[in-house]
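Take this structure, written in structure tokens, and hold onto it; I'll ask about it next.
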Amino acid sequence: MKHYQTARKARDVRYDGKFFVAVKTTKIYCRPVCPAPSPKESNVSYYSSAIQAERAGYRPCLRCRPESAPYSAAWLGNQALLRKAMNKIEAGELNQRKLPQLAESMGISDRYLRKLFQQHLGVSPIHYANHVRLMFAKQLLHESELSITQVAFSSGFNSLRRFNDAFKQTMRMSPSALRHKLNNLAVDKDNKIAQHNAIRLKLNYRPPYNWPMMQNFLQQREINCIENITRDSYQRTFRYKQATGQFKATHIPTKHQFQIELEIDNLIHLMAVTNKIRQVLDLNSDLNVIEKHLTKDIKLKPLIKQGLRLPACWDAFEAGVKAILGQQVSVKAAYGHTSQLIEELGSTLNDNFKLFPTAQQVMASELDFLRMPQSRKQTLKNFAQWYINNQGENLESILNLKGIGPWTYEYIKLRSGTDSDAYPEKDLGVIKALEKYQLSDPQQWSPWRSYATLHLWNSI
DNA sequence: ACGACAGACTT
DNA sequence: AAGTACATGAAG
């Protein structure tokens, strides 16, 4: 409590997103960095998450916009199941499907799922889903030019009526009232430049963020027909369920954020895609925590580069294809195979770009154009078939596929952006680095071995 | 495992 | 006067 007091008095950015300040007199809650005059200590109470402040009857501040605080869920501890459920909800899993289906996809009962939420968050899964949608809706109302009806569907509501109702209940004003208020409050001129049909958004992270290394990693693997990387931006095409589109993320280091320009042909997946972009750029992790842990290993310490993030592929399928095409060959040769595969099988998005092929497209092809051993082509097909059957869930079962061993499995985990503890111990780069720097105990890097691996790769 | 109830959701 | 965009009550 004491350090919350000093943190908010100092408007300490290091605590941004880690707790929220609720003001009893106004019934509003803020980020610790809110520029508004500091309220009297006797009138504030502290909450470790926005939803808890909301549950206590507070509404989000219009000025500091709690929904745009850097992501943090440290208070969750090591609740892996809950973490996974929250991720799924944030990916819009409850927008079309029902709670029992979500529970089933995780292999637990809906009763247990509800209990888990009640225990750790004090709210139901549905309530949490609503919270996530409303926060995103608030961001859209503020930053995008979408109409209110479009905002409703973009943030995962299936009816305008529900949206209006839910919105008013937690924000204590109607959607349009909020938008008008914001326009009078802080007009963001550069956002007002109508940009044909692109949606513009800002995604904040908690520093440090080592963009040069991220940029370099991406550039070395850039595939021209689906990506374009510049000094300060990353652009790529994507497919998410039935939606397709592209985004361009431009890094604004001074503001600790990426500005996103995004085109998508089905708004109902906008929220999921936005969260996916956060994953691809690794915006959610707290590197202060990770680096603190990794530097405990004195021998690893000199290899640690501040702010190093994990660049993720768009999804597990893309990561898997790249892993298989990269078996036994150099990064450059893997690039050749991958771009050939996209060129031959990927659908066309527009004049400049194509889409990464789907598992179905891979299955439908004989893959004659790939110059590699027949067995590896078969592995690729096995993997595509597995992906169709499993929808990318339950990744460890790919170890049963012919041609996929521990290296490929760990590599996919590492590059699909969902696991921070992947460790491809048989990787050539990893082995070399271990030897070169006399590193003896990789186990101690857990649960952040994915990051450790990237540091190792960079060190040789 | 069950029923009552609250409240989420649709029209 | 008709059409569009948004908000909300009533009922199931």
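Atoms considered below: every heavy atom in the structure, side chains included; atoms not considered: hydrogens, waters and symmetry mates. Below, chains carry the letters A, B, ... as their sequence lines are ordered, and counting in each starts from 1.
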Are Phe19(A) and His3(A) close enough that their ring centers fall under 6.0 Å?
-> no
May I ask you to evaluate whether Ser159(A) reaches the phosphate of dT11(B), defined as a side-chain N or O under 4.0 Å from OP1 or OP2?
-> no
Of residues 117-127 of chain A, the positions that come close to DNA chain B - non-hydrogen atoms, cut-off under 4.0 Å | Ile126(A)
Per Lys168(A) side chain, nearest of listed nucleotides dA7(C), dC9(B), dT8(C) = dT8(C)
Could you state the atom-to-atom distance from CD of Glu145(A) to C1' of dA5(C) in whole Å?
-> 16 Å
Just how far, in rounded Å, is P of dG7(B) from CZ of Arg162(A)?
-> 12 Å
Does Thr149(A) have a side-chain nitrogen or oxygen under 4.0 Å from the phosphate oxygens OP1 or OP2 of dC6(C)?
-> yes
Rounded off to whole Å, could you give me the CG-to-C1' distance for the Leu160(A) and dA8(B) pair?
-> 16 Å
Centroid-centroid under 6.0 Å between Tyr71(A) and Tyr205(A) rings = no
Protein-nucleotide distance (Leu94(A), atom CG; dA8(B), atom P), rounded to Å | 13 Å
Do Glu54(A) and Tyr29(A) meet the criterion of a side-chain donor-acceptor pair at a distance under 3.5 Å?
-> yes
Hey, which of these two, Gln169(A) or Arg161(A), hits DNA chain B nearer its 5' end, going by closest nucleotide?
-> Gln169(A)
Look at Lys88(A) together with Glu393(A) and state whether they make a salt bridge at an N to O cut-off of under 4.0 Å.
-> yes
Which ranges of DNA chain B pair up as stems, where a stem means three or more consecutive Watson-Crick or G-U pairs with both distances under 3.5 Å?
-> B:9-11 with C:10-12
Just do the salt bridge (Lys or Arg N to Asp or Glu O under 4.0 Å) check on Glu143(A) and Arg65(A) with the steps written out, would you?
-> CA-CA 11 Å; Glu143(A) 295 174 7; Arg65(A) 286 184 287 136; 3.0 Å; yes
Nearest-angstrom distance from the residue atom CG of Asn164(A) to P of dG9(C) = 11 Å
Heavy-atom closest pair, residues Leu308(A) and Glu291(A) | N-OE2, 4.0 Å
Rounded to the nearest angstrom, tell me the gap between atom CE in Met171(A) and atom P in dA7(C).
-> 13 Å
Given Ile260(A), Ile264(A), Val273(A), the one that forms side chain to side chain contact (heavy atoms under 4.5 Å, CB included) with Phe247(A) = Ile260(A)
How long is the line joining CZ of Arg172(A) and P of dA7(C), in whole Å?
-> 18 Å
If you draw the axis of the six-membered ring of Tyr4(A), does the NZ or CZ of Arg8(A) fall within 45° of it and under 6.0 Å from the ring centre?
-> no
Using whole Å, report how far CG of Asp165(A) lies from P of dC6(C).
-> 17 Å
Can you list the steps and then say if Asp165(A) with Gln169(A) is a side chain to side chain donor-acceptor pair (under 3.5 Å)?
-> CA-CA 6 Å; Asp165(A) 205 38; Gln169(A) 204 181 320; over 6 Å; no
